[in-house]
**Student:** 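After the structure tokens below, expect a handful of questions from me.
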Protein chains: 2
Amino acid sequence: MEKYVKMLREKNLKVTPQRLIILKYLNEHSTHPATDKIYQDLKINNPSLSKTTVYNSLEILEKHGIIQSITISGLEHRYDFRHEMHHHFLCKKCGRIIDIDVVCPNLGKMLECGHNVEEVHGYFKGICKKCMNKEKIKDGS
Amino acid sequence: MEKYVKMLREKNLKVTPQRLIILKYLNEHSTHPATDKIYQDLKINNPSLSKTTVYNSLEILEKHGIIQSITISGLEHRYDFRHEMHHHFLCKKCGRIIDIDVVCPNLGKMLECGHNVEEVHGYFKGICKKCMNKEKIKDGS
DNA sequence: TACTAATTTGTAATAATTACAATTTGACAT
DNA sequence: ATGTCAAATTGTAATTATTACAAATTAGTA
Ligand SMILES: [Mn+2]
Ligand SMILES: [Mn+2]
Ligand SMILES: [Zn+2]
Ligand SMILES: [Zn+2]
């Protein structure tokens, strides 16, 4: 838990129990959960937690680069404790969002264009390996 | 207009005036408009148009690969007449979504992983060239 | 021209997010 | 340790994008 305290202090953010449990939750759940999922899960052991606080906390944590926000589904923001650049795969079948550890080699091109790039998001969508195998079995190999 | 008729016929989709004006609108506005923008603009000359029809039409056009859906902002779907793979840049200042004509070289890596990739989306976010120049001028060169 | 399934329309419901004001609290100074 | 206060939390209301649905209309076919 001291780890999360340090992360907040380094950014001069107030250390609150709410921010700590949210950070801990994100670190321990690499499923890229949405706001409501985080809220529902944490509420069980923290009944006084407000959903607005979850929204506020995620926003400020993201603004300070502690966590990352993913918008792969188009329906909701999903959050990621890993803040360094990586890509994601959304399975249209099971809904899982999987980390893809590649870097985007197109940043040079972006510099040419003259735009100032602050974020890079790479999203792939399709059917994940696990779901593909399930289909094969159902089809009778 | 015959061009759009042909696009629908090729996919065995019914040719309706609503679908035609939506396709025409998207082809003539490469701003990646959201559903409501398309609806508001078309309603002026088509007062009987329903927003639900815009939603339905965009959905079916996308499903058949005639148009592409972009979720770069996370809050809304934006639509693109260009359906071939390309990337996008969202300017956090002026809100413009700009086409970036690069291809993703990471598909090989995806094949290795065993996932079946159907869509690839590359999103960059930051400050666009135009807005960067405006800032420079304001700062006194 | 008549038929029918698909499409369009208007309205209502849902879901994610944001706004806001009252209460509480973490960080700092005494 | 206590007081102070700006910042954070909370609960509720408002907003926005999207989806659900049933009745009316219409495109494609015979
Ligand atoms: Mn991730
Ligand atoms: Mn585009
Ligand atoms: Zn899957
Ligand atoms: Zn700009």
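Note on naming: letters A, B, ... go to the chains in the order of the sequence lines (proteins, then strands), and numbering restarts at 1 for each one.
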**Student:** List every contact pair, protein side and nucleotides 21-25 of chain C side both N or O, where the distance is under 3.5 Å.
**Tutor:**
none

**Student:** Expressed as a whole number of angstroms, how long is the span from B:L49:CG to C:dT8:P?
**Tutor:** 9 Å
**Student:** Atom CG of B:L42 and atom P of C:dT8: how far apart are they, to the nearest Å?
**Tutor:** 13 Å
**Student:** Please name all residues satisfying side chain to side chain donor-acceptor pair (under 3.5 Å) with B:N56, sequence neighbours left out, ordered by chain then number.
**Tutor:** none
**Student:** Is B:T52 side chain donor-acceptor paired with the C:dG10 base, going by distance under 3.5 Å alone?
**Tutor:** yes
**Student:** Is there a side-chain contact between A:K51 and A:D36 (heavy atoms, below 4.5 Å)?
**Tutor:** yes
**Student:** A:K51 has an atom NZ; how far is it from atom C1' of C:dA16, in whole Å?
**Tutor:** 8 Å
**Student:** Among B:H77, B:H83, B:R78, B:K63, which residue satisfies the side-chain hydrogen bond (donor to acceptor under 3.5 Å, both in side chains) criterion with B:S69?
**Tutor:** B:H77
**Student:** Is the shortest side-chain N/O distance from B:S57 to OP1 or OP2 of C:dT7 below 4.0 Å?
**Tutor:** no
**Student:** Within this structure, what is the CG-to-P distance between A:D36 and C:dT14, rounded to whole angstrom?
**Tutor:** 15 Å
**Student:** Using C1' atoms of five pairs at each end, report the bend of the helix from C:dT1-D:dA30 to C:dT30-D:dA1 rounded to 10 degrees.
**Tutor:** 40°
**Student:** Under a 4.5 Å cut-off applied to non-hydrogen side-chain atoms, are A:V15 and A:Y4 in contact?
**Tutor:** no
**Student:** Which part of the nucleic acid, if any, lies within reach of A:T53 when heavy atoms closer than 4.0 Å are counted: base, sugar-phosphate only, or nothing?
**Tutor:** base
**Student:** First locate atom NE2 of A:H121, then atom CD of A:Q68, and finally report the distance between them rounded to the nearest 0.5 Å.
**Tutor:** 6.0 Å
**Student:** Drop me the distance from A:I44's CD1 to A:Y39's OH, to the nearest 0.5 angstrom.
**Tutor:** 11.0 Å
**Student:** For A:E118, enumerate each residue passing the side chain to side chain donor-acceptor pair (under 3.5 Å) test, keeping only those at least two apart in sequence or located in another chain.
**Tutor:** B:K92
**Student:** Show me the donor-acceptor pairs within less than 3.5 Å that the side chains of residues 95-107 of chain B make with the rest of the protein, sequence neighbours left out.
**Tutor:**
residue : atom : partner : partner atom : Å
B:D99   : OD1  : B:H32   : NE2          : 3.0
B:D99   : OD1  : B:H86   : NE2          : 2.9
B:D99   : OD1  : B:H88   : NE2          : 3.1
B:D99   : OD2  : B:R82   : NH1          : 3.3
B:D101  : OD1  : B:R82   : NH1          : 3.3
B:D101  : OD1  : B:R82   : NH2          : 2.7

**Student:** Are B:V54 and B:Q18 side-chain neighbours, meaning at least one heavy-atom pair lies under 4.5 Å?
**Tutor:** no
**Student:** Given atom CD1 of A:I70 and atom P of C:dA16, what is their separation to the nearest angstrom?
**Tutor:** 18 Å
**Student:** Between A:I22 and A:L13, is there shared hydrophobic-cluster membership here, with clusters defined by ILVMFWY side-chain heavy atoms closer than 4.5 Å?
**Tutor:** yes
**Student:** Can you give the first and last nucleotides of DNA chain D, 5' to 3', that have an atom under 4.0 Å from a heavy atom of chain B?
**Tutor:** D:dA17 to D:dG28
**Student:** When you match B:L75 and A:Q18 each to their closest nucleotide on DNA chain D, which lands nearer the 5' end?
**Tutor:** A:Q18
**Student:** What's the spacing between B:S48 OG and B:N46 CG if we round to 0.5 Å?
**Tutor:** 7.0 Å
**Student:** With a 4.5 Å limit on heavy-atom distance, are the side chains of B:Y25 and B:P33 in contact?
**Tutor:** yes
**Student:** Could you state the atom-to-atom distance from CG of A:N56 to C1' of C:dC20 in whole Å?
**Tutor:** 11 Å
**Student:** Rounded to whole Å, how long is the line connecting atom NZ of B:K43 with atom C1' of C:dT8?
**Tutor:** 16 Å
**Student:** Could you state the CD-P distance from B:E59 to C:dT8, rounded to the nearest angstrom?
**Tutor:** 12 Å
